[in-house]
Amino acid sequence: MDSSQNGWEASAAAWIADMGDTGDLSRQFVLDRPMLERVRQGNFRNALDVGCGEGRFCRMLRAEGIETTAIEPTRTLRETAQARDPDGVYIDATAEALPFDDARFDLVVSYLTLIDIDGAEAAIGEMARVLKPGGSLLIANINGFATAGAWHRNDEGEALFFGIDRYLDARPEWVSWRGIAIRNWHRPLSMYMQLLLHTGLRLVHFDEPSPDTGAEPGWAERNRRIPFFHLMEWRKA
């Protein structure tokens with residue numbers, strides 16, 4: 001991942017402002033709870049967070065008593081993570097070439113980062129390589145039909161239905177919102193599944209979580225109509 005080419009360095013300040021201390025609505029009300037549930041069931045002692053951004057989930061892992069190392073190639077995000085967590089370990093590295101020995105970590109986390117990684121095949125292989133036997137790769141990702149689709153609305157702006165096109169064609173696309181402009185990858189779920197199966201890891205958990213109670217009702221309803229995210233846990237034999 002070259003953050004000067006994919007928009008991340010230019011968008012870092014806007015991203016940090018958008019995340020705040022608690023993360024966006026999808027993290028707060030859809031993904032954080034089930035991600036932490038899987039973490040707490042694992043009795044993990046050390047973890048690697050791949051593409052930690054401003055470090056929010058690293059701090060959550062450390063609050064669970066897990067020794068956490070993070071990689072983040074975007075300088076501004078990495079420096080912000082380090083400033084917010086001075087005792088944390090935040091390394092300038094990419095997912096495609098992890099600077100760690102084999103079988104180093106009990107837990108590897110990819111929290112909404114696979115869509116930002118150019119070399120998914122190399123990155124998934126690297127994540128599996130650095131896992132200890134019995135360790136888990138915990139992934140939160142955007143569903144492929146969500147990155148291949150869009151809401152169709154009437155003249156009043158009401159969401160009528162969600163249309164999908166070119167789902168099977170893997171491709172990079174630029175997306176923008178609230179001052180952020182970054183290049184994401186659309187990939188069908190089958191591509192990720194084949195890459196993960198090829199590593200020899202075993203799928204032990206899969207979910208498409210819906211919003212928790214407490215989310216703004218209109219936002220929650222839209223996110224129940226279309227499950228935008230999935231969560232997977234893969235275990236090393």
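What you see below is based on every heavy atom in this structure, not just the backbone, and it leaves out hydrogens, waters and symmetry mates. Keep in mind that this is a model prediction, so the values were computed, not measured.
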Which class fits the ring pair His152 and Phe161: parallel under 30°, tilted 30 to 60°, perpendicular over 60°? parallel

Can Asn6 and Ile182 be said to form a side-chain contact (heavy atoms from CB on, under 4.5 Å), step by step? CA-CA 6 Å; Asn6 60 20; Ile182 55 176; 5.9 Å; no

Nearest-0.5 Å distance that lies between atom OG1 in Thr74 and atom CH2 in Trp15: 10.5 Å

Shortest non-hydrogen contact from Thr113 to Gly51? CG2-O, 3.1 Å

Under 4.0 Å between a side-chain nitrogen and a carboxylate oxygen: does that hold for Arg45 and Asp106? yes

To the nearest 0.5 Å, what is the distance between CZ on Phe105 and NZ on Lys236? 12.0 Å

Verify the distance criterion only: is there a donor paired with an acceptor across the side chains of Thr80 and Glu54 at less than 3.5 Å? no

Are Asp118 and Arg183 packed together at the side-chain level, in the sense that at least one heavy-atom pair is separated by less than 4.5 angstrom? yes

Min side-chain heavy-atom separation Met60-Met35 under 4.5 Å: no

For residues Ile16 and Thr76, determine if any side-chain heavy atom of one lies less than 4.5 Å from a side-chain heavy atom of the other. yes

Taking all heavy atoms of Ile117 and all of Arg187, pick out the closest pair and write down the distance. O-NH2, 2.6 Å

If only side-chain N and O atoms count, and only distance matters, is there a donor-acceptor pair under 3.5 Å linking Tyr90 with Asp49? no

Rounding to 0.5 Å, atoms OG (Ser26) and CD1 (Ile142) come to a distance of 8.0 Å

Arg224 side chain vs Pro211 backbone, donor-acceptor pair below 3.5 Å: yes

Under the side-chain contact (heavy atoms from CB on, under 4.5 Å) criterion, do Leu131 and Leu201 qualify, and how do the steps go? CA-CA 10 Å; Leu131 268 181; Leu201 300 180; 4.3 Å; yes

I'd like to know if the side chain of Ser11 reaches the main chain of Ala181, judged simply by a donor and an acceptor atom lying under 3.5 Å from each other, with no hydrogens or angles considered. yes

Check Leu31 against Pro209 and note the closest heavy-atom contact, atom names and distance. CD2-CG, 4.0 Å

Nearest heavy-atom approach of Ile71 to Ala95 is CD1-N, 3.7 Å

Would Arg129 and Asp102 pass as an ion pair if we require N to O under 4.0 Å? yes

Asp101, CG: over 12 other non-hydrogen atoms inside 6.0 angstrom: no

Flag side-chain contact, heavy atom, 4.5 Å: Thr68 against Phe44: no

Quick one: does Arg104's side chain get under 4.5 Å of Leu98's, heavy atoms only? no

d(Leu112 CG, Asn184 CG) to nearest 0.5 Å is 10.0 Å

Could you grab the distance from atom OG of Ser190 to atom CG of Leu195, nearest 0.5 Å is fine? 9.5 Å

Below 4.5 Å, heavy atoms only, C-beta onward: do Trp234 and Thr199 meet side chain to side chain? no

What heavy-atom pair brings Glu208 and Pro227 nearest, and what distance separates the two atoms? CB-CB, 4.1 Å

Using the rule that two of Ile, Leu, Val, Met, Phe, Trp, Tyr join whenever any of their side-chain heavy atoms come within less than 4.5 Å, decide whether Trp185 and Ile124 are in one cluster. no

Testing Ile139, Leu138, Asn141 for side chain to side chain contact (heavy atoms under 4.5 Å, CB included) with Leu231, which one passes? Leu138

Supply the atom-to-atom distance Arg235 CZ to Leu137 CG, rounded to the nearest 0.5 angstrom. 11.5 Å

Is there a side-chain contact (heavy atoms from CB on, under 4.5 Å) between Leu61 and Val39? Walk through the geometry before answering. CA-CA 8 Å; Leu61 289 171; Val39 168; 4.0 Å; yes

Under 3.5 Å, is there a donor-acceptor pair between the side chain of Asn223 and the main chain of Trp219? yes

Within the structure provided, determine whether Tyr167 and His186 are in side-chain contact (heavy-atom separation under 4.5 Å). yes

Ignoring hydrogens, what is the shortest heavy-atom contact between Met127 and Leu114? Give both atom names and the distance. CE-CD2, 4.1 Å

Is it possible for you to say whether Phe229 and Tyr192 belong to one hydrophobic cluster, with membership spreading through side-chain heavy-atom contacts below 4.5 Å? yes

Test: Arg33 and Glu37 ion pair at under 4.0 Å: yes

ILVMFWY network linking Val204 to Leu196, side-chain heavy atoms under 4.5 angstrom: no

Arg27 and Tyr111, any side-chain heavy atoms less than 4.5 Å apart: yes

Look at the aromatic rings of Phe228 and Phe162 and report parallel, tilted or perpendicular, splitting at 30° and 60°. perpendicular

Test: Asp32 and Arg56 ion pair at under 4.0 Å: yes

Verdict with supporting geometry, Glu79 and Gln82, side-chain contact (heavy atoms from CB on, under 4.5 Å): CA-CA 5 Å; Glu79 291 178 352; Gln82 190 73 73; 5.6 Å; no

In this structure, which one of Gln41, Glu233, Arg38 forms a side chain to side chain donor-acceptor pair (under 3.5 Å) with Ser136? Glu233

Does Arg171 reach the main-chain N or O of Arg166 with its side chain, forming a donor-acceptor pair under 3.5 Å? yes

